[in-house]
Amino acid sequence: MTKKFEENLATSSADSVPNDLFCEMDWGNSEFLESVQSAAINLSELFSCGKAPNAESPYSWMIDGKVSPAAIDSGDRWRVNLNVQSQVAEVADEVVKAVQDYSLNSTCVSEAYLVLAASYSVRKLVGKSDFVQWQGTVERLFDISKAVESNSEISMEAYQWLAIELPLVVSCQFPEWDGRQIWALEAIRKMSLSISELLDHDGWPTTRCLPSFGVIAASWVRCQLIVDAMKDKSVLTQDTGLDVVSQLEWMVRQVIRMMRFDRKLVFSGHDSSAASKAFLRCLLKLSSDSDDKMLLKQARGKVEKASEESGSANALGIDASNVSEWSESALMRSDWSRNSPRLAVNFSNGKIFSELSRKCGLISGETTPEILADGKPLSSSAAFEISCTQSDEAIEYLELEKKLDGGGLLTRQFLLSNVDRFLLIADAVVLPSEAELGYRCSFPFAEEIEGLRESETTEMYLLRKGKIQSLVLPLALPEWKVARTKHSFEIVGDAIKLTQNCHGSGLYAPLFFDLDPKRSCKKRTWRSLTVAENLNRIRSDDGAAFRVHLNKQQWFFYRSLATKGNRTFFGENFTGEFLFSQFSKNGSVERLVEIE
């Protein structure tokens, strides 16, 4: 619970659940039970969940590794058994225990999950358990939801479940309770504040909730559907004041955009759940834009190749990438297709976390470089700021800058080709005076990825289950290992590590990832190019240029460092800061990125 929530939360509140919500004299009467069940909103129907034993519980949508498998299994079993009225007494005992054992200052996400699962069960336990126990369980749910406000250590997902979703779930199940409106409206106002704080106006999440965004987004979807159902059945008759509907609608597209090949969201852990069909159907209910349905089909690989050109998401002209300066994060995609290359970047708190994937994860983890001057690390408390972006049919480009202590500057470049399936990650370091410069940067392997070195050359393969997924070229290093160099490119632990050293006031460290596995197995070569100014070769700390040749394709690029000037390289003349070009099939040169 943040201070912003506490300061803005309305003071109106439901004090307690009344003891006479259901009276014991009717408890167990068949006509009474039938009327109780028919009056409630059917949550299984609302969330498109079946009664089959293997049907996914709606509250387990997009769940991550913070929730134990045992807790997930218990929640699933409760739902299935209550649906088919099997082992109800055992379920009732477990539900009561989960709720009564929950400490009001608990920070355990698994315990919060079980309480949420219990809240979905209380209506179906009417007449199926001891009345006093049942009444005490409902009252305890109320107390737990209230206590969340004073628990400053609770996680974002647990807060969402207990302070927002739980009241809505219980309120929609008991239209007989007059206080349901106050409790529901209180939860809705909290939801509005939460969405306003955690999403930007385009529905993109703040970096704080990126690892758990799937869990939180799934809860928002359930909550919004419950609110709509309560309005439709007149269970909720007052104006909700929910003014973030447009953000939720935009969030639909962002969730689709963030889906990886395995239907998990970028930035989520390998132990997170994939987006289920039921969740995706309910997600689309929040959107009034028919384009989102096409985007989802494309992202799930449901669009046939023959119809891609005329009816695909790409033909709609909707950018598959997103850059959020507010969130300090970005997602670069070549297109909306399921196996599109994706690069997700979190550059908050002065660090860079990168996730590169295509049909599987390749790189995942912190990729902040370490810079040394005369053997001492150049520390910096400055934030990374966006200095340049470009998005078109050919490439996605993002450039970040960070000031270093002592007047230096670190620039990180990401260039993703939408057509030719490669990624360039490069760091440019510029200092105000000459020093013995050292550069270290690690790129952690994603789950199930391992590195493989060539025997005679310095490039590296990324493998998954013995199959090549990508080729990585350390462009600043010589191609052949026998060449003398101060640099190194090696496997250290579960990461590839690039090390470069030089004397001067500037350094450029580029890595080239080939994201076409078939091309990665074919011939390749690269070279550092001579850069001249006024017919004289410039120093490497003033600027650097490189050529990359993969199979039948060639690219070359240049980056100025300590100084800029009228430079010549590979037959090109350029006065700006950065140039990336490719050779077309007819031999002409096409400039893809040009930064003055």
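Throughout, numbering of the chain's residues begins at 1 and tracks the sequence.
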Identified ring pair (Phe, Tyr, Trp, His ring centres under 6.0 Å) counterpart of Phe580 within the set Phe414, Phe422, Phe574: Phe422

Basic-acidic side-chain contact under 4.0 Å: Lys518, Asp516: no

Pair Lys66-Glu157, salt bridge (Lys or Arg N to Asp or Glu O under 4.0 Å): steps then yes or no: CA-CA 10 Å; Lys66 293 182 182 179; Glu157 54 267 60; 3.0 Å; yes

Heavy-atom neighbours of Glu596 CD exceed 12 at 6.0 Å: yes

Validation row: Glu370, Tyr439 side chains within 4.5 angstrom (heavy atoms): no

Pro517 side chain near Lys467 side chain, heavy-atom distance below 4.5 Å: no

Backbone of Lys403 reached by a side-chain donor or acceptor of Ser380 within 3.5 Å: yes

Heavy-atom side-chain contact between Trp555 and Leu550 under 4.5 Å: yes

Cationic N near anionic O, under 4.0 Å, Glu456 to Lys481: no

Sidechain N-carboxylate O distance under 4.0 Å for Lys402, Glu385: no

Test item: side-chain donor near acceptor, Thr575 and Asn566, under 3.5 Å: no

Side-chain donor/acceptor of Ser442 to backbone N/O of Pro444, under 3.5 Å: no

Check: Thr207 side chain, Ser348 main-chain N or O, donor-acceptor pair, under 3.5 Å: no

Electrostatic pair Glu450-Arg464, nearest N-O below 4.0 angstrom: no

Neighbour count above 12 (heavy atom, 6.0 Å) for Asp271 CG: yes

Ion pair check, Asp289 and Arg253, cut-off under 4.0 Å: yes

Pairwise distance CH2(Trp480) to OG1(Thr457) - rounded to 0.5 angstrom: 6.0 Å

Residue pair Glu434, Arg539: steps toward the salt bridge (Lys or Arg N to Asp or Glu O under 4.0 Å) verdict: CA-CA 12 Å; Glu434 293 187 7; Arg539 293 173 26 152; 3.0 Å; yes

Aromatic centroids of Phe512 and Trp526 separated by under 6.0 Å: no

Distance, nearest 0.5 Å, that separates OG of Ser324 from CG of Leu331: 11.5 Å

Pair Phe347 and Phe353, ring centroids less than 6.0 Å apart: no

Asn339, CG: over 12 other non-hydrogen atoms inside 6.0 angstrom: yes

Salt bridge (Lys or Arg N to Asp or Glu O under 4.0 Å) between Arg260 and Glu355, worked out: CA-CA 11 Å; Arg260 297 190 298 232; Glu355 179 188 304; 3.0 Å; yes

Row check, Phe261 ring normal vs Arg338 NZ/CZ: under 6.0 Å, within 45°: yes

Parallel, tilted or perpendicular, as decided by the 30° and 60° cut-offs, for the rings of Trp161 and Tyr113: perpendicular

Ile468 CD1 to Ser520 OG distance, which is reported to the nearest 0.5 Å: 7.0 Å

Note: Asp374-Lys376 ion pair, threshold 4.0 Å (strictly below): no

Parallel, tilted or perpendicular: rings of Phe569 and Tyr558 (30°, 60°): parallel

Inter-residue atom distance Gln554.CD - Ser581.OG, 0.5 Å rounding: 12.0 Å

Trp250 atom CH2, neighbour heavy-atom count above 12 within 6.0 Å: no

Salt-bridge criterion met for Glu197 and Arg208 (N-O under 4.0 Å): yes

Check: Lys351 side chain, Thr368 main-chain N or O, donor-acceptor pair, under 3.5 Å: no

Validation row: Met156, Leu198 side chains within 4.5 angstrom (heavy atoms): yes

Tyr508 vs Gln500, side-chain hydrogen bond (donor to acceptor under 3.5 Å, both in side chains): CA-CA, chis, key distance, verdict: CA-CA 9 Å; Tyr508 193 54; Gln500 294 185 207; over 6 Å; no

Pair Asp292-Ser287, side-chain donor/acceptor within less than 3.5 Å: yes

Greater than 12 external heavy atoms within 6.0 Å of Glu325's CD: no

Arg421 side chain vs Ser334 backbone, donor-acceptor pair below 3.5 Å: no

Under 3.5 Å: donor-acceptor pair, side chain of Arg263, backbone of Ala275: yes

Short N-O contact, Arg559 and Glu399, less than 4.0 angstrom: yes

His201 (side chain) donor-acceptor with Gly203 (main chain) under 3.5 angstrom: no

Under 3.5 Å: donor-acceptor pair, side chain of Asp200, backbone of Asp202: yes

Test log, rule side-chain hydrogen bond (donor to acceptor under 3.5 Å, both in side chains), inputs Ser219 and Gln160: CA-CA 7 Å; Ser219 181; Gln160 169 65 30; 3.0 Å; yes

Evaluation steps, side-chain hydrogen bond (donor to acceptor under 3.5 Å, both in side chains), between Glu396 and Asn418: CA-CA 7 Å; Glu396 303 292 331; Asn418 294 336; 3.2 Å; yes

Separation between CZ of Arg519 and CG of Asp514, rounded to the nearest 0.5 Å: 4.0 Å

Check ion pair Glu490-Lys497 (N to O, under 4.0 angstrom): no

Min side-chain heavy-atom separation Tyr461-Ser470 under 4.5 Å: no

Carboxylate-amine/guanidinium proximity below 4.0 Å for Arg527 and Glu479: yes

Test log, rule side-chain hydrogen bond (donor to acceptor under 3.5 Å, both in side chains), inputs Trp204 and Ser329: CA-CA 9 Å; Trp204 184 265; Ser329 61; 2.8 Å; yes

Worked verdict on Glu572 versus Arg591 for salt bridge (Lys or Arg N to Asp or Glu O under 4.0 Å): CA-CA 11 Å; Glu572 289 286 296; Arg591 293 187 173 186; 3.0 Å; yes

Close side-chain approach of Asp427 to Thr411, heavy-atom, < 4.5 Å: no

